[in-house]
Amino acid sequence: NATYTNSTFNKIPVNGVETIIDFDSKLNFNKYGLFIQGSKTLLEERLTLSAGLRTDWNDYSSEMSNPINQISPRFSAAYSFAPKWSLNFNTGRYYQLPAYTIMGFRNNNDELVNKDLGLKYISVDHVVGGIEYNSSRNRKITIEAFYKNYQNYPFSLRDSLSLANLGADFGVIGNEAITSSSEGRAYGLELLVQQKIFKGFYGILAYTLMKSEFTDKTGEFKPSAWDFGNIVNLTAGKKFKKDWEIGIRFRYSGGAPYTPFNNNISSLRASWDLIGVGVLDYNALNTLRLASNNQMDVRVDKKWFFNKWALNIYLDIQNVYAGQIEDRPFLDVLRDANGNPLVDPNDPSRYQVQLIENSSGTVLPTIGLQIDW
């Protein structure tokens with residue numbers, strides 16, 4: 001049983017015009033789920049098969065109350081075709097309830113707008129296949145290809161874009177009129193190398209090459225906020241004599257796409273005085289991309305073991321080479337010596353605006369003491 005309450009008062013510019021959102025909402029509904037799963041080994045336990053079926057439904061609306069509409073089958077297989085080698089495959093359909101902010105949104109007339117618009121469960125189909133190798137030296141290597149197909153993804157009627165393109169910015173997402181009409185896809189390759197402790201060495205290397213796209217208002221696939229391209233994560237370490245240990249962590253990410261500002265609307269005094277930030281130009285959705293970034297952390301530990309307790313002293317240095325991470329630039333108005341916004345001399349209805357670069361990255365050392373007993 002789920003209960004959701006929301007009290008919202010907000011003023012936002014829509015196409016440069018002030019719009020007031022003012023409502024109180026309380027939502028109470030019941031959610032249900034059923035699943036069945038079975039597994040079987042064959043061919044002298046070299047082949048493992050697993051199959052399952054699940055359904056979810058709730059009494060929020062007629063679109064979500066029929067369990068037949070959310071039936072989600074899944075199947076997996078693993079075949080050991082040679083010593084230390086195996087093939088893996090799995091596929092399935094999964095359903096997810098939209099965010100409560102979407103389900104509980106009401107207009108100024110106290111109507112559940114998205115319920116009336118036929119809000120549905122989000123669905124995604126997964127297909128994953130790969131090969132795995134396990135060595136005699138505690139090492140595992142896997143290579144997998146994956147494809148995901150999203151349906152009924154929430155689409156904003158106000159901004160005419162999929163909510164998958166709003167990124168991870170702080171704020172309330174989905175508290176607006178939504179249709180279940182966006183589509184998406186994500187596909188790529190993943191490499192994983194895992195070394196358990198062998199002669200003091202250990203580590204995990206993960207590399208992902210991926211593409212993530214969702215449809216825009218014209219139905220074309222555009223890069224989503226999560227379309228990083230290349231992602232590398234490495235964690236490794238070495239244990240030495242006398243209980244010394246050193247470890248490193250390295251991260252690399254391709255640049256995320258982002259949407260430029262609409263200077264024509266952002267510079268309007270009525271718009272800026274209302275919200276104090278720039279307005280994005282969703283006609284140029286995710287047409288720009290940030291620079292790639294990387295960071296390395298290093299940690300050194302020294303441990304002492306006593307009869308009933310242990311002492312660990314460590315030095316941890318994050319971002320050892322002060323790598324810079326670029327983020328989406330800010331848009332701000334030009335100001336005079338007193339901090340007042342400067343009006344555009346050619347158009348008194350506008351302020352003068354500027355873009356400000358936005359990056360971060362500093363060395364962060366930490367000394368720690370840990371006692372276990």
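Counting from 1, the numbers follow the sequence of the chain as shown. Side chains included, hydrogens not; waters and symmetry mates left out as well; all remaining heavy atoms used. What you see is a predicted model, and the numbers here were worked out from it, not measured in a lab.
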Residues [X], [Y]: salt bridge by 4.0 Å N-O rule:
X      : Y      : result
Asp24  : Lys26  : no
Lys239 : Glu245 : yes
Asp344 : Arg269 : no

Between [Y] and [X], is there a side-chain heavy-atom distance shorter than 4.5 Å?
X      : Y      : answer
Ile325 : Gln295 : yes
Ile246 : Phe240 : yes
Arg106 : Glu111 : no

More than 12 heavy atoms of other residues, nucleotides or ligands under 6.0 Å from [atom1] of [X]: yes or no?
X      : atom1 : answer
Lys196 : NZ    : no
Gln37  : CD    : yes
Trp309 : CH2   : yes

Handout entry: Cation-pi, Phe201 ring and Lys238 (6.0 angstrom, 45 degrees)
Key = yes
Exercise for the section: May I ask you to establish whether Arg328 and Tyr258 are in a cation-pi arrangement, using a distance under 6.0 Å from NZ or CZ to the six-membered ring centre and at most 45° from the ring axis? Expected result: no
Problem - Parallel, tilted or perpendicular: ring planes of Phe81 versus Trp85, cut at 30 and 60 degrees - result: tilted
Exercise for the section: Look at the aromatic rings of Phe214 and Tyr150 and report parallel, tilted or perpendicular, splitting at 30° and 60°. Expected result: tilted
Practice task
Please check if any side-chain donor atom of Ser360 sits under 3.5 Å from a side-chain acceptor atom of Asp327, or the reverse.
Solution key: no
Practice task
State whether a side-chain donor-acceptor pair under 3.5 Å links Thr3 with Asn28.
Solution key: yes
Handout entry: Ile143-Val128 co-clustered via ILVMFWY side chain contacts under 4.5 Å
Key = no
Handout entry: Single-linkage hydrophobic cluster, 4.5 Å side-chain cutoff, Tyr100 and Tyr121 together
Key = yes
Practice task
Decide ring-ring contact (aromatic ring centres under 6.0 Å, His included) for Phe29 and Tyr4; before the verdict, give the C-alpha distance in whole Å, the side-chain angles of both, and the deciding distance to 0.1 Å.
Solution key: CA-CA 9 Å; Phe29 64 100; Tyr4 169 77; 9.1 Å; no
Practice task
For Lys302 and Asp243, run salt bridge (Lys or Arg N to Asp or Glu O under 4.0 Å): C-alpha distance rounded to whole Å, both residues' side-chain angles, the deciding distance at 0.1 Å, then the answer.
Solution key: CA-CA 6 Å; Lys302 174 65 174 85; Asp243 298 311; 5.2 Å; no
Fill in the blank from the handout: With sequence neighbours left out, the residues meeting ring pair (Phe, Tyr, Trp, His ring centres under 6.0 Å) with Tyr94 are His126
Exercise for the section: Would you give the length of the straight line joining atom CG of Asn10 to atom CD of Glu176, rounded to the nearest 0.5 angstrom? Expected result: 11.0 Å
Handout entry: Gap between atom OG of Ser182 and atom NZ of Lys217 - 0.5 Å precision
Key = 14.0 Å
